[in-house]
Amino acid sequence: MTRTPRRFSLALLISLVVTLGMLVLTATLIFQAHRGMESAKLAATSDSAEELVHAVNDRIHAITTPPMTALLVLRDSSLTAERTLEERLGRLSVLADVLRVNAIVDAVYVGYPDGDFFLLRRVPDDHGSLPVDPPKTTRYILQTVSVDAGGQRQADLRYYNEHLRLLDQRPNPDQDYDPRTRGWYQRALASDGMTLTRPYVFYTTHAIGMTLAQAASNGDAVVGIDVTVSALSHQLEDLKLTPHTEIAIVDQKGQVVAYPDQDRMVVGSADAPDLARLSDLSVPALDQVEALPVSTQARQFTSQGSEWFGISADLRSIHTAGLRMLIAIPADELMADVWQLVRDQLFIALIIVLALLVLGALLGRQLGRPLKRLAGEVEALSRFHFDTPISSGSRIREAHKLGSALTDMSGTIRSFQSISLTLNRARDLSSLLNGILNELISILNEKHGRIFLYREPTHELEIAAAVGPSERQRIDNIQPEQTDHDIIRTLRHTVTDHAVYAVLRNREQALVGVLMIDLDDVHFETMDEHLIRFVHEIAGSAAVAIETRQLIESQQSLIEGVIRLIADAIDAKSPYTSGHCERVPQLAKMLVDQAERSQEPPFADFSMSERERYEFHIGAWLHDCGKITSPEYVVDKATKLETIYNRIHEIRTRFEVLHRDAEIRYLDARIAGADEAEARRQRDATQAALQEEFAFIAQCNQGGEFMADADIARLDDIGDRRWNRHFSDRLGLSHDEALRFEGRPEPELPVEEKLLDDKPEHQLPWAAGRRPPVTQDDPRNRWGFDMVLPDVAYDYGERYNLSIRRGTLTPEERFKINEHIVQTIIMLDALPLPDRLAQVPRFAGTHHEKMDGTGYPRRLTGEALSIPEKAMSIADIFEALTAVDRPYKEGKTLTQSLDILHRMALEGHVDPEVFNLFLRSGVYLDYARRFLAPQQIDEVDIDRYLVGEQA
């Protein structure tokens, strides 16, 4: 038995190789990071120290260079040669300009050989740092010392605002100030160039700074500028390498020139301030750094149990001779960055490893994916997922070639599927033909095509769909028995030979039409059997679809024809409803169309889809289809005693019998020898009474007048007359008639009977299984009917019928007529209607409902009825009122009809808003012009009938 070799995934193998390589790389990176940690730590510290030294040198240079430039300008100024205070005051703006453009210059001054002194000082924002309180808007203070004509020294303070306007003048308390005794003055005279003092505390402002001094060009005076270095202290805070780094700048004497906390730099009293020494700062780490050799290399030391790195470096700027920068860095903070760097490197290395692991897996997948993807796509195709895209972009040659082949196959299948969807989803024949043609033209990448359908009666092919210009609309003299080859040859001769043709035949191989796709020159030259076979295969499916669609449309036409046939049959069944079933749908449609167009409430949001319109159309045509079950003698009942015939004839016959009985009694009296005159009088009186009573009975039978109680009482009196029946009433009966006598023995003849009677046999009970399910408690009532059901189906009682107070119908007969709407709903509900016609029974069965809930068959209120249903109700009533083809009445005029409808709207029988729309839209008038006689169309004032809107 041969063992099946174990197979591994290509993606797994590639992923393992990449993973092993990445693990080796990660281990190497971690080892190198560990070894380089110490050197990176020291190198970073040394580099930072070098940068700090350069930064401080640059900043000191930036502090001193602008004032030095200003000093060079001032030494050549005429201010150094002025001899009087007034002349010097005239040059005050020169010193003010120097202060304005140099923010770090604290004061500018000139010392003269005779001891005079001329100094302009900027007033700090905090006036509290001055020994005297200047006026509020003081910007500059001028300090002058001059010798007057008598040889007396005069020292003054003058206060100026921003615009050098004098605000105040006061004596200077320091009357003994002599610039010639100051070090800056003496060093400047002894030097050939510019001198710079070491930092010290300015006496006046207690700011820390240096003095730049240089002898004037004429050699008679010395110019000086006080420069503050407080900005340098502020900037040291920004130069810290770590949050707790200690940094300071000291001079050769160990005094602190710059320190982030400036309040700790000045010691001594207010009258004799001085710079603090390093030991005064109480920072042990800086004390130990001061003892370290001068170098930018960091050295590790211990201070108060903590590890520090210290750097002591000279500041070698041209202006900083003798200054040294001391830096003490906490080792844990410095190491934090280094360790963080190591951790970051490890984290990055880990991320890279993970990324490369994923990359290795992805690379393996990428190499194996084309085959796997193609396998999955082919599997999807095998499960009929023809819309699955086929990828053929792999760089693997074999996979790319396979993908291209599958793409072509998938495209072909999708083309067939697209055409199949068109064949199945087209709603009508025209859409079907145009869809097929457009799909084929798109697939074949052409621009023109046509579909001809065969017309059997005329033996011609007629264009039913076309894309592009069509010169020939029809092809004559095509015989159904011709072969496909003969038909195509005819088309090539009469239309074009640069085309591919396919003859369309149905299931019985009968000719349906021809499909033609015009080909351009390139495609015509390269046309092969594959293209022809493809078009022919599509043509076969198209022919079946066309046949199916034609059958569906024929079936649709047949359904509508049957519906119209039923409606016409109902109208033809009774002369009293002629044309009703045809006119009501038209009037209802006119009113619903106006409701859709109206923007007034409640119609603003009303609309109907095409499906809903068709449902309503069918429902309107079938709204009285239940009248098929209504007996004609009930619908057309013209007299009270009418059933299949008018039973007044039976009553008249009885009167005839009584009339003859009176004659017989008269003759019997004569024979018996009675008084002839008296006998004649009795005969004549009886017969006259019978004539008058029959006339009354006949009038009651007409049903034209309302019957009062007195009329009914007289009817009963007349009915109580007796007559003798000598013949059996049980002979010659139908089976149903005989059943009415069942259980009652026949009396012996002759029998005396009443002239008018309500006998038990006059009542027709509901036949077994024929009792309508119209009551709410009837378990068969699944339609929601709510009607009063009479106890019997019919009651033919003579007195009962003649006693009808108004009209000719008994309650049982009135129910039978109203039952037509029940039968309409039951009949339509029993039909296997498709879902798109599910509402037909509803539309057909609600036009006798009333807005107040008193209608039938469901007692629905206006809230439960839709706008189309309310429109149907008005259409049904208005057509019945205005119909001119009813033999029993004349059609009412517009005014008469609207009077009735208006009253019904007020009484809650029809919807007032739909009735108002009926008036405002002019539907009543449009309908009248089409169907009413001219004499019915009278002048109508619609404002009179608008419900709720009368003035």
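Along the sequence shown, the residues carry numbers beginning at 1.
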Any side-chain donor near an acceptor of the partner, Tyr800 and Asp795, under 3.5 Å = no
Which of parallel (below 30°), tilted (30 to 60°) and perpendicular (above 60°) describes His617 and Trp621?
-> perpendicular
Backbone N or O of Thr810 within a donor-acceptor pair of the Glu813 side chain at under 3.5 Å?
-> yes
Indicate yes or no for a side-chain donor-acceptor contact from Arg583 to the backbone of Phe931 under 3.5 Å, with no hydrogens or angles considered.
-> no
Rounded to the nearest 0.5 Å, the CG atom of Leu715 sits from the CD atom of Glu693 at a distance of 10.5 Å
Does the pair Glu642 and Lys637 meet the rule for a salt bridge (Lys or Arg N to Asp or Glu O under 4.0 Å), with working shown?
-> CA-CA 6 Å; Glu642 185 174 348; Lys637 186 179 182 184; over 6 Å; no
Audit row: Lys816, Glu812, salt bridge (Lys or Arg N to Asp or Glu O under 4.0 Å) steps and yes/no | CA-CA 6 Å; Lys816 195 62 182 177; Glu812 292 79 9; over 6 Å; no
Any Asp786 side-chain heavy atom under 4.5 Å of Thr775 side chain | no
Give me the one residue out of Arg721, Arg654, Lys759 that meets salt bridge (charged side-chain N to carboxylate O under 4.0 Å, His left out) with Glu753.
-> Lys759
Would Glu663 and Arg660 satisfy salt bridge (Lys or Arg N to Asp or Glu O under 4.0 Å), going step by step from the backbone distance to the final call?
-> CA-CA 5 Å; Glu663 185 70 27; Arg660 192 162 303 164; over 6 Å; no
Between Arg930 and Gln586, a side-chain donor and acceptor under 3.5 Å | yes
Check Thr639, Ile697, Thr653 against Ile648 for a side chain to side chain contact (heavy atoms under 4.5 Å, CB included) and give me the one that passes.
-> Ile697
Begin from the C-alpha positions of Asn646 and Asn701 and carry the test side-chain hydrogen bond (donor to acceptor under 3.5 Å, both in side chains) through to its verdict.
-> CA-CA 9 Å; Asn646 191 349; Asn701 189 42; 3.3 Å; yes
Would you mind reporting whether Ile825 and Arg858 have side-chain heavy atoms less than 4.5 Å apart?
-> yes
Using a strict 4.0 Å threshold on nitrogen-to-oxygen distance, state whether Arg665 and Glu678 make a salt bridge.
-> no
Taking side chain as C-beta onward, heavy atoms only, is Arg613 less than 4.5 Å from Lys589?
-> no
Show your working on side-chain hydrogen bond (donor to acceptor under 3.5 Å, both in side chains) between His762 and Asp757 and close with a plain yes or no.
-> CA-CA 9 Å; His762 285 153; Asp757 203 358; over 6 Å; no
Closest heavy-atom pair and its distance - Cys581, Asp624 | SG-CB, 3.9 Å
Would you please test Arg842 and Glu869 for salt bridge (Lys or Arg N to Asp or Glu O under 4.0 Å) and show each step?
-> CA-CA 8 Å; Arg842 170 87 186 196; Glu869 291 168 332; 2.4 Å; yes
So, do His820 and His623 have ring centers that fall under 6.0 Å from each other?
-> no
Between the main-chain N or O of Lys754 and the side-chain N or O of Trp723, is there a donor-acceptor pair closer than 3.5 Å?
-> yes
Any chance you could measure Leu764, atom CG, to Asp736, atom CG, to the nearest 0.5 Å?
-> 8.0 Å
The reported gap from CD1 in Ile877 to NE2 in His848 (rounded to nearest 0.5 angstrom) is 8.5 Å
CG/Leu881 to CD1/Ile900 distance, rounded to the nearest 0.5 angstrom?
-> 4.5 Å
Hey, does Thr643 have a side-chain heavy atom less than 4.5 Å from the side chain of Val634?
-> no
Close aromatic pair by centroid cut-off 6.0 Å: Phe878 and Phe918 = yes
Tell me yes or no: between the side chains of Tyr666 and Asp684, is some donor less than 3.5 Å from an acceptor?
-> no
Should Ile942 and Tyr924 count as side-chain neighbours, where that means a heavy-atom distance under 4.5 Å?
-> yes
State which residues pass side chain to side chain contact (heavy atoms under 4.5 Å, CB included) with Asp711; sequence neighbours excluded, sorted by chain then number.
-> Phe696, Met707, Ala708
CG (Asp791) with more than 12 external heavy atoms under 6.0 Å = no
Is a donor on one side and an acceptor on the other found under 3.5 Å between the side chain of Asn801 and the backbone of Leu641?
-> no
Sorted by chain and residue number, the salt bridge (charged side-chain N to carboxylate O under 4.0 Å, His left out) partners of Arg647 (sequence neighbours excluded) come out as none
Kindly indicate whether the side chain of Ser873, heavy atoms from C-beta on, has any atom under 4.5 Å from the side chain of Asp911.
-> no
Look at the rings of Trp766 and Phe815 and say which category their plane angle falls in: under 30° parallel, 30 to 60° tilted, over 60° perpendicular.
-> perpendicular
Donor-acceptor under 3.5 Å (Asp938 side chain, Thr895 main chain) | yes
Give me the one residue out of Val914, Leu865, Thr861 that meets side chain to side chain contact (heavy atoms under 4.5 Å, CB included) with Met851.
-> Leu865
Non-hydrogen atoms of Phe616 and Met608 that approach each other most closely | CB-CE, 3.9 Å
Check: Asp729 and Phe741 side chains under 4.5 Å, non-hydrogen atoms = yes
Side chain proximity check, His902 to Val947, heavy atoms < 4.5 angstrom | yes
